[in-house]
Novice: 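I have a structure here, written as structure tokens, and I will follow up with some questions on it.
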Amino acid sequence: MKTLTKLMTATAITAVATIGAQAGSHAQKWDMPMAYSATNFHSENGVKFADCVREGTGGAIDITVHASGSLFKGADIKRAVQTGQVPIGERLLSGHQNENAVFGFDSVPFLATSFDASADLFKAAKPKLEAILADQNLTLLYSVPWPPQGLYFRDEVTSVADMEGIKFRSYNNATARLAELTGMAPIPIEAAEISQAFATGVADSMISSGATGYDRKVWESLNYFYEVDAWLPYNHVMVNSEVWADVSDENKAAMMACAETAAADGLEASKAYTQFTLDGLREGGMTVGPASEQMVGELKAIGETMTAEWLEAAGEDGAAIVDGFMAMMQ
Ligand code: PCA
């Protein structure tokens with residue numbers, strides 16, 4: 001009896017010691033909400049980033065990606081990270097232009113219309129963006145652009161007049177404003193919900209990348225994609241700053257190295273996905289091509305109005321970003 005008790009005590013001590021050793025290694029499980037489908041290049045890149053972090057931190061930081069808005073919807077991810085409901089997440093910051101106009105730097109129509117130009121624009125905006133995020137308890141890890149934005153419609157459209165009254169799915173402030181200025185009716189709908197929205201006639205058009213139309217198989221409902229190349233918006237992976245402060249210097253360095261790789265890989269994937277998804281839309285039966293000259297001219301005029309509005313809202317910060325960008329373009 002005595003021996004048995006001793007044995008049991010020894011076992012209990014071993015068990016406690018094992019738990020202690022695990023806790024001592026500070027293994028942390030981080031949930032990472034993302035808004036877009038699991039097969040989208042941003043989400044796949046996020047999973048690769050998580051793998052890199054797990055390996056680089058020797059398993060100390062174990063990130064699980066939750067795609068398709070399954071943990072938090074796109075619109076709620078930023079707040080969830082800021083308030084510490086989750087330690088890390090990915091969000092399209094141009095959806096929060098009402099908090100600070102600078103967040104919309106990447107959705108000013110026709111300011112940066114190629115991958116190269118958008119990389120310069122991002123470089124010009126990054127320090128300001130990081131400072132604003134720091135004030136909101138957020139630390140930026142990496143950012144990846146979507147492919148150029150074009151217009152999707154159920155029916156053929158050759159001028160802005162043809163757009164009058166059409167129900168238009170919006171995803172940020174700029175897309176809603178574009179709808180207003182073209183006489184359409186903006187309806188905010190998360191990317192995860194657009195297939196349903198188009199199938200049921202809740203919306204009949206949107207501006208987005210070939211990638212999102214392809215991911216959501218919009219050819220089942222829509223018939224036209226006009227390659228307008230209006231802008232290239234960014235997704236940003238951000239970590240809660242208090243959580244980040246508790247990460248060891250060694251693990252911070254490992255994570256930043258993974259973030260750098262993710263930014264470069266994400267950009268390459270976005271570029272590669274551009275043609276691939278436009279071909280996919282075509283194969284799905286859509287008419288894909290440039291917009292008519294008239295439509296481009298009218299959209300550019302609307303773009304000028306929106307640029308002036310953004311510069312007004314973003315004040316000195318906005319002017320500094322655009323000046324910095326223009327200097328790089330020369
Ligand atoms: N796809 C996202 C944002 C930009 C894009 O290309 C969406 O449509 O929600």
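This structure is a prediction, so every number in the text was calculated from the model and none was measured.
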Novice: Which atom names give the shortest non-hydrogen contact between P87 and V243, and what distance separates them?
Specialist: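 The pair with the smallest heavy-atom distance is CB-CG1, 3.9 Å.
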Novice: Grab the two heavy atoms, one from P147 and one from P233, that are nearest each other, plus how far apart they are.
Specialist: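 Smallest heavy-atom distance, with atoms named: O-CD, 4.5 Å.
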Novice: Decide yes or no on side-chain contact (heavy atoms from CB on, under 4.5 Å) for Q28 and D246, but give the supporting numbers first.
Specialist: CA-CA 11 Å; Q28 292 183 30; D246 283 342; 5.6 Å; no
Novice: For residues 92-132, which residue pairs pass the ring-ring contact (aromatic ring centres under 6.0 Å, His included) check, not counting sequence neighbours?
Specialist: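 ring-ring contact (aromatic ring centres under 6.0 Å, His included) check on residues 92-132 returns F122-Y234.
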Novice: Can you tell me if E130 has over 12 outside heavy atoms packed within less than 6.0 Å of its CD?
Specialist: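 Above 12, so yes.
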Novice: Go through the steps for T83 and Q85 under the test side chain to side chain donor-acceptor pair (under 3.5 Å), then give the verdict.
Specialist: CA-CA 6 Å; T83 57; Q85 285 173 278; 3.3 Å; yes
Novice: Can you tell me how far CE of M295 sits from OH of Y226, rounded to the nearest 0.5 angstrom?
Specialist: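 One gets 6.0 Å once the value is rounded to the nearest 0.5 Å.
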Novice: Heavy atoms only: give me the nearest A67-S70 pair and the separation to one decimal.
Specialist: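 Closest approach of A67 to S70, heavy atoms only: O-OG, 2.9 Å.
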Novice: State whether a side-chain donor-acceptor pair under 3.5 Å links S241 with T139.
Specialist: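 The answer is yes; a qualifying pair exists.
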Novice: Compare every heavy atom of H236 with every heavy atom of L129, then report the nearest pair and how far apart it is.
Specialist: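 Residues L129 and H236, closest heavy atoms: CD2-CE1, 3.7 Å.
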Novice: Has N137 got a side-chain atom pairing as donor or acceptor with Q82's backbone, closer than 3.5 angstrom?
Specialist: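 Such a contact is found between N137 side chain and Q82 backbone.
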Novice: Report yes if the side chains of I187 and R169 come closer than 4.5 Å at any heavy-atom pair, otherwise no.
Specialist: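 No, side chains not in contact.
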Novice: Among all residues two or more places apart in sequence or in another chain, which pass the side chain to side chain contact (heavy atoms under 4.5 Å, CB included) test with D62?
Specialist: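 Once residues adjacent in sequence are excluded, the partners of D62 under the side chain to side chain contact (heavy atoms under 4.5 Å, CB included) criterion are K29, R54.
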Novice: State plainly whether one hydrophobic cluster holds both V108 and M328, where clusters connect Ile, Leu, Val, Met, Phe, Trp and Tyr through side-chain heavy atoms under 4.5 angstrom apart.
Specialist: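 No.
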Novice: Can you find a pair of side-chain heavy atoms, one from D51 and one from V53, that are under 4.5 Å apart?
Specialist: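 Not in contact.
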Novice: If hydrophobic clusters are built by linking Ile, Leu, Val, Met, Phe, Trp and Tyr wherever their side-chain heavy atoms come under 4.5 Å apart, do L138 and I61 end up in the same one?
Specialist: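 Looking at the clustering, I61 is in a separate group from L138.
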Novice: For E250, look at atom CD and say whether over 12 heavy atoms of other residues, nucleotides or ligands are found less than 6.0 Å away.
Specialist: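 No - once you tally the heavy atoms of other residues, nucleotides and ligands closer than 6.0 Å, there are 12 at most.
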Novice: Answer whether the closest heavy-atom distance between the side chains of Q136 and K78 falls below 4.5 Å.
Specialist: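 Of all side-chain heavy-atom pairs linking K78 with Q136, at least one is under 4.5 Å.
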Novice: Give the table of side-chain donor-acceptor pairs shorter than 3.5 Å for residues 299-316, with sequence neighbours excluded, one pair per line with atom names and distance.
Specialist:
{"residue": "T305", "atom": "OG1", "partner": "A301", "partner atom": "O", "Å": "3.4"}
{"residue": "T307", "atom": "OG1", "partner": "G303", "partner atom": "O", "Å": "2.7"}
{"residue": "E309", "atom": "OE1", "partner": "R177", "partner atom": "NE", "Å": "2.9"}
{"residue": "E309", "atom": "OE2", "partner": "R177", "partner atom": "NE", "Å": "3.4"}
{"residue": "E309", "atom": "OE2", "partner": "R177", "partner atom": "NH2", "Å": "2.7"}
{"residue": "W310", "atom": "NE1", "partner": "A101", "partner atom": "O", "Å": "2.7"}

Novice: Report, one line per pair, each donor and acceptor closer than 3.5 Å where one atom sits in a side chain of residues 190-200; sequence neighbours left out.
Specialist:
{"residue": "E190", "atom": "OE1", "partner": "G74", "partner atom": "N", "Å": "3.0"}
{"residue": "E190", "atom": "OE2", "partner": "G74", "partner atom": "N", "Å": "3.4"}
{"residue": "E190", "atom": "OE2", "partner": "A75", "partner atom": "N", "Å": "2.9"}
{"residue": "S195", "atom": "OG", "partner": "R216", "partner atom": "O", "Å": "2.9"}
{"residue": "T200", "atom": "OG1", "partner": "Q196", "partner atom": "O", "Å": "2.8"}
{"residue": "T200", "atom": "OG1", "partner": "A197", "partner atom": "O", "Å": "3.4"}

Novice: Which residues pass the side chain to side chain contact (heavy atoms under 4.5 Å, CB included) test with D162, not counting sequence neighbours?
Specialist: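 Testing D162 for side chain to side chain contact (heavy atoms under 4.5 Å, CB included), a comparison that skips the adjacent residues, returns V157, T158, S159.
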Novice: Enter the distance from M326:CE to L121:CG here, rounded to the nearest 0.5 Å.
Specialist: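 It is 9.0 Å, given to the nearest 0.5 Å.
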Novice: Heavy atoms, side chains only, cut-off 4.5 Å: are V228 and V296 in contact?
Specialist: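 Not in contact.
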Novice: Is it true that L92 and W231 fall in one hydrophobic cluster, defined by side-chain heavy atoms closer than 4.5 Å?
Specialist: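 Linked within one cluster.
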Novice: Is there side-chain contact between Y224 and V288, with at least one heavy-atom pair below 4.5 Å?
Specialist: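 In short, these two side chains do not touch, never coming nearer than 4.5 Å.
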Novice: Report yes or no: do V86 and V47 belong to one cluster of Ile/Leu/Val/Met/Phe/Trp/Tyr joined by side chain heavy-atom distances under 4.5 Å?
Specialist: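 No, no single cluster joins them.
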Novice: For M286 and V218, which heavy atoms make the closest approach, and how far apart are they?
Specialist: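 Answer, listing the atom of M286 first, then V218: SD-CG2, 4.1 Å.
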Novice: Tell me which pairs pass ring-ring contact (aromatic ring centres under 6.0 Å, His included) where either residue lies in residues 134-190, with sequence neighbours left out.
Specialist: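 The answer is Y36-W146, F41-W146, H42-W146, F49-Y142, Y152-F225.
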Novice: Tell me every residue that passes side chain to side chain contact (heavy atoms under 4.5 Å, CB included) with M34, counting only those two or more places apart in sequence or in another chain.
Specialist: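 Here the qualifying residues are M32, V65, E90.
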Novice: Does K252 have more than 12 heavy atoms from other residues, nucleotides or ligands lying within 6.0 Å of its NZ?
Specialist: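 Yes, NZ of K252 has more than 12 neighbouring heavy atoms, counting only those of other groups under 6.0 Å.
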Novice: Applying salt bridge (Lys or Arg N to Asp or Glu O under 4.0 Å), which residue pairs with at least one partner in residues 103-125 are found, sequence neighbours left out?
Specialist: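 Counting only pairs at least two positions apart or across chains, no salt bridge (Lys or Arg N to Asp or Glu O under 4.0 Å) contact touches residues 103-125.
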Novice: Rounded to the nearest 0.5 Å, how far does SG of C52 lie from CG of N45?
Specialist: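 Rounded to the nearest 0.5 Å, the CG-SG separation comes to 10.5 Å.
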Novice: Looking at every non-hydrogen atom in both residues, tell me the closest pair between S68 and A38 and how far apart they are.
Specialist: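 Closest pair (atom of S68, atom of A38, distance): OG-N, 3.9 Å.
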Novice: Under the salt bridge (Lys or Arg N to Asp or Glu O under 4.0 Å) definition, can you give me all pairs with a residue in residues 200-214, not counting sequence neighbours?
Specialist: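 Sorted result for residues 200-214: R154-D204.
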Novice: Report yes if some heavy atom in the side chain of M238 is under 4.5 Å from a heavy atom in the side chain of I88; otherwise report no.
Specialist: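 No, their side chains stay 4.5 Å or more apart.
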Novice: Which donor-acceptor pairs under 3.5 Å do the side chains of residues 259-269 make with protein atoms, sequence neighbours left out?
Specialist:
{"residue": "T261", "atom": "OG1", "partner": "A257", "partner atom": "O", "Å": "3.1"}

Novice: Would the distance check show the side chain of S208 and the main-chain N or O of T212 forming a donor-acceptor pair, the cut-off being under 3.5 Å?
Specialist: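 Not confirmed, S208 side chain does not pair with T212 backbone.
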Novice: Scan for salt bridge (Lys or Arg N to Asp or Glu O under 4.0 Å) pairs involving residues 222-240, sequence neighbours excluded, and state none if there are none.
Specialist: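 Checked against salt bridge (Lys or Arg N to Asp or Glu O under 4.0 Å) - neighbours excluded - no pair reaches residues 222-240.
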Novice: Could you tell me the separation between the CG atom of N235 and the CD1 atom of I77, rounded to the nearest 0.5 Å?
Specialist: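 It comes to 9.0 Å.
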Novice: Would you kindly confirm whether L141 and L133 end up in one hydrophobic cluster when ILVMFWY residues are joined by side chain heavy atoms under 4.5 Å apart?
Specialist: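 No: no chain of side-chain contacts under 4.5 Å links L141 to L133.
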Novice: If you measure from OG1 on T175 to CD1 on I189, what distance do you get to the nearest 0.5 Å?
Specialist: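 The CD1 atom of I189 is 10.5 Å from OG1 of T175, to the nearest 0.5 Å.
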Novice: With a 3.5 Å distance limit and no angle check, can you tell me whether T182 reaches the backbone of A179 through a side-chain donor-acceptor pair?
Specialist: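 Side chain of T182 to backbone of A179: a pair is present.
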Novice: Are any of the side-chain heavy atoms of S205 and M184 separated by less than 4.5 Å?
Specialist: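 Yes, their side chains come closer than 4.5 Å.
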Novice: For I321, is there any backbone N or O sitting under 3.5 Å from a side-chain donor or acceptor partner on K128?
Specialist: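 No; judged by distance alone, with no hydrogens or angles, the pair does not exist.
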Novice: Is T64 close to H66 at the side-chain level, that is, under 4.5 Å between some pair of heavy atoms?
Specialist: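 Side chain of H66 against side chain of T64, heavy atoms only: contact under 4.5 Å found.
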Novice: Can a salt bridge be assigned to the pair R282 and D279 using a cut-off of 4.0 Å between side-chain N and carboxylate O?
Specialist: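 D279 and R282: salt-bridged.
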Novice: Could you tell me whether the side chain of S94 and the main chain of N172 form a donor-acceptor pair under 3.5 Å?
Specialist: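 Pair absent, no side-chain N/O of S94 close to backbone of N172.
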Novice: Can you measure from CG (L232) to OG (S114) and round to the nearest 0.5 angstrom?
Specialist: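 That separation rounds to 7.0 Å.
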Novice: Between T57 and N251, do the side chains contain a donor N or O and an acceptor N or O under 3.5 Å apart?
Specialist: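 No, because no side-chain N or O of N251 sits under 3.5 Å from a partner of the opposite role on T57.
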Novice: Please check this pair: side chain of S270 against backbone of P145, looking for a donor-acceptor N/O pair closer than 3.5 Å.
Specialist: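 It does hold such a pair.
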Novice: The criterion is salt bridge (Lys or Arg N to Asp or Glu O under 4.0 Å); which residues satisfy it with D323, sequence neighbours excluded?
Specialist: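 So D323 forms no salt bridge (Lys or Arg N to Asp or Glu O under 4.0 Å) with any residue.
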